[in-house]
Amino acid sequence: MTSLLGSTVGSAEPAGPTPRPTTSPRGQGGWTVFLLLLPAALLILGMFSYPLLVAVWRSFSYPELGLQNYQWFVGSEGNIAILLRTLWVAFLTMVICLALAYPYAYLMVISGKRMRNVLLILVLVPFWTSLMIRTFAWIILLQDSGLVNQALGLVGIEPLQLMRNTTGVLIGMVQVLLPFMVLPLYNAMSGVDPKLMQAATSLGARPSVAFLKVFVPLAMPGVLAGSLLVFIQALGFYITPALLGSPTEMLISQYIYAQVSGQLEWGRGSVLGVMLLVAVLVLLAAVAALGQAAKRRTPAVVQEGRA
């Protein structure tokens with residue numbers, strides 16, 4: 001019995017060190033993330049980067065290699081006027097959307113759950129309707145003999161020119177882009193702690209002062225996000241300006257279509273797109289610089305509340 005136990009103990013080998021895995025968990029996670037992001041990266045390269053590079057190349061190479069397309073753009077006052085008009089209409093659209101969306105989003109925040117859901121549904125309804133159908137509906141409403149002018153005639157007001165001008169374009173674009181301003185504003189406003197407003201008023205600040213000094217700075221990220229979404233999308237609108245606007249006040253999207261489709265000037269159409277992109281990048285850089293400057297001037301209390 002003793003010999004049997006001794007042989008058993010003697011045959012037991014000491015446990016060695018645990019072998020390391022050939023691949024670390026961090027490496028496996030990195031490859032997993034890479035494989036998950038690969039389809040999206042390929043989609044971005046194929047659907048966005050490649051067309052942009054083609055447009056930039058054609059602006060230099062069509063009909064022949066050189067800078068003639070850029071000389072044509074800079075040498076024509078009409079081209080500069082169309083670019084500035086496009087930027088101005090996009091800016092006005094952004095400002096009007098902000099003026100309408102800010103109180104609407106604030107009403108969503110302070111309303112009860114049922115009322116908030118109703119207001120949210122009203123914002124989302126335009127997404128369920130085709131852009132073309134909405135634009136034709138505005139034609140019926142805004143034309144010279146449309147419902148709006150008929151209603152104005154009933155109260156003794158002369159008919160207004162609401163189509164074939166910038167006014168009609170702004171009305172149509174604001175209606176389409178308003179949800180893109182409301183939703184970022186609501187998201188930012190709903191994240192503001194109401195106790196901060198109560199603390200400000202308890203320290204002697206009037207409600208209006210507390211709103212301007214506490215609530216508005218904390219909701220500023222929503223303002224910037226919504227403004228950028230509306231402004232950038234307004235720059236590329238084509239259907240609404242084409243149907244509600246005038247050929248004498250065309251925007252750059254209509255001008256690009258006329259150059260490429262009507263005159264087959266691929267180089268000139270490409271340079272128009274490139275110059276619009278450059279203008280947008282310059283404006284975005286300016287907005288980013290202003291945002292950083294405003295962030296440095298934001299009081300410490302607001303910074304802590306935002307965090």
Quick one: side chains of residues 222-235, donor-acceptor pairs under 3.5 Å with protein atoms, not counting sequence neighbours, listed by atom name and distance.
{"residue": "Ser227", "atom": "OG", "partner": "Val223", "partner atom": "O", "Å": "2.6"}
{"residue": "Gln233", "atom": "NE2", "partner": "Leu229", "partner atom": "O", "Å": "3.3"}

When the side chains of residues 250-267 are checked against the rest of the protein, which donor-acceptor pairs come out under 3.5 Å, sequence neighbours left out?
{"residue": "Ser253", "atom": "OG", "partner": "Phe237", "partner atom": "O", "Å": "2.4"}
{"residue": "Gln254", "atom": "OE1", "partner": "Leu251", "partner atom": "N", "Å": "2.9"}
{"residue": "Tyr255", "atom": "OH", "partner": "Asn79", "partner atom": "OD1", "Å": "2.9"}

Enumerate, atom names and distances included, each donor-acceptor pair closer than 3.5 Å involving a side-chain atom of residues 201-211, sequence neighbours excluded.
{"residue": "Thr201", "atom": "OG1", "partner": "Met197", "partner atom": "O", "Å": "3.2"}
{"residue": "Thr201", "atom": "OG1", "partner": "Gln198", "partner atom": "O", "Å": "2.8"}
{"residue": "Ser202", "atom": "OG", "partner": "Gln198", "partner atom": "O", "Å": "3.2"}
{"residue": "Ser202", "atom": "OG", "partner": "Ala199", "partner atom": "O", "Å": "2.7"}

Pairs of donor and acceptor atoms involving the side chains of residues 110-124, under 3.5 Å and at least two apart or interchain, shall be tabulated with distances.
{"residue": "Ser111", "atom": "OG", "partner": "Leu107", "partner atom": "O", "Å": "2.4"}
{"residue": "Arg116", "atom": "NE", "partner": "Met108", "partner atom": "O", "Å": "3.0"}
{"residue": "Arg116", "atom": "NH2", "partner": "Ser111", "partner atom": "O", "Å": "2.8"}
{"residue": "Asn117", "atom": "ND2", "partner": "Lys113", "partner atom": "O", "Å": "3.2"}

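The minimum heavy-atom distance between Leu170 and Val89, with the atom names listed, is CD2-O, 3.8 Å. A pairwise comparison of heavy atoms in Gln150 and Ser145 identifies NE2-O, 2.9 Å as the closest pair. Scanning both residues, Ala219 and Ala188, for their nearest heavy atoms gives O-CB, 4.0 Å. In terms of heavy-atom proximity, Pro241 sits nearest to Val169 at CA-CG2, 3.9 Å.
In Phe48, the CZ atom is not crowded: 12 or fewer heavy atoms of neighbouring residues, nucleotides or ligands sit closer than 6.0 Å. Taking a 6.0 Å sphere around CZ of Phe91, one finds it holds 12 or fewer heavy atoms contributed by other residues, nucleotides or ligands.
Put simply, CG on Leu243 and OH on Tyr238 are 8.5 Å apart, with the number rounded to the nearest 0.5 Å. Of the inter-residue distances, the one linking Phe136 atom CZ with Leu141 atom CG reads 13.5 Å to the nearest 0.5 angstrom. Interatomic distance, CD1 of Ile44 versus CE of Met47, reported as 11.5 Å (0.5 Å rounding). Rounding to the nearest 0.5 Å gives a distance of 8.5 Å between CD1 of Ile96 and CD1 of Ile171. Summarising the geometry, atom CD1 belonging to Ile139 is positioned 13.0 Å from atom CG belonging to Leu162; distances are rounded to the nearest 0.5 Å. With values rounded to the nearest 0.5 angstrom, Met163 atom CE is found 7.0 Å from Leu142 atom CG.
Clustering ILVMFWY residues whenever any of their side-chain heavy atoms sit less than 4.5 angstrom apart, transitively, puts Val174 in a cluster other than the one holding Ile140. Val148 and Ile157 fall within the same hydrophobic cluster, where Ile, Leu, Val, Met, Phe, Trp and Tyr residues are linked whenever their side-chain heavy atoms come under 4.5 Å apart, directly or through other members. Both Leu67 and Met275 are part of a single hydrophobic cluster, where members link through side-chain heavy atoms under 4.5 Å apart. Clustering ILVMFWY residues whenever any of their side-chain heavy atoms sit less than 4.5 angstrom apart, transitively, puts Leu52 in the very cluster that holds Leu281. By the rule that hydrophobic residues join a cluster once side-chain heavy atoms approach within less than 4.5 Å of another member, Trp128 and Val182 end up as members of one cluster.
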Walk me through it: do Leu277 and Val274 pass the test side chain to side chain contact (heavy atoms under 4.5 Å, CB included)?
-> CA-CA 5 Å; Leu277 177 63; Val274 171; 5.6 Å; no
Just do the side chain to side chain contact (heavy atoms under 4.5 Å, CB included) check on Leu131 and Thr240 with the steps written out, would you?
-> CA-CA 8 Å; Leu131 175 61; Thr240 302; 4.1 Å; yes
Check step by step if side chain to side chain contact (heavy atoms under 4.5 Å, CB included) holds for Met189 and Tyr102.
-> CA-CA 10 Å; Met189 291 180 179; Tyr102 203 97; 3.4 Å; yes
Might you work through the side chain to side chain contact (heavy atoms under 4.5 Å, CB included) test for Trp138 and Thr135, ending with a clear yes or no?
-> CA-CA 5 Å; Trp138 279 116; Thr135 305; 5.6 Å; no
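Contact of the Cys97 side chain with the Leu178 side chain is registered, since non-hydrogen atoms from C-beta on lie closer than 4.5 Å. At a threshold of 4.5 Å between non-hydrogen side-chain atoms, the residues Asn69 and Arg58 do not count as touching. Considering only heavy atoms from C-beta on, Gln68 comes within 4.5 Å of Pro63 through its side chain. The shortest distance between side-chain heavy atoms of Phe73 and Leu83 falls below 4.5 Å. Taking the side chain as every heavy atom from C-beta outward, Tyr62 and Ser270 never approach each other to under 4.5 Å. Looking at heavy atoms from C-beta onward, Gln161 lies out of side-chain contact with Thr167 at the 4.5 angstrom threshold. Residues Leu87 and Leu283 have side chains in contact (heavy-atom distance under 4.5 Å, counting atoms from C-beta outward). Annotation: side chain of Leu152 is in contact with side chain of Asn149 (closest heavy-atom distance under 4.5 Å).
Under the 3.5 Å distance criterion, the side-chain polar atoms of Asn165 are left unmatched by any main-chain donor or acceptor of Ser246.
Separation of the Tyr104 and Tyr186 ring centroids does not fall under the 6.0 Å cut-off.
Applying the salt bridge (charged side-chain N to carboxylate O under 4.0 Å, His left out) test to every pair with at least one member in residues 141-153, sequence neighbours left out, gives these pairs: Asp144-Arg164.
Under a 4.5 Å side-chain heavy-atom criterion applied to ILVMFWY residues, the cluster that includes Tyr50 comprises Val54 as well.
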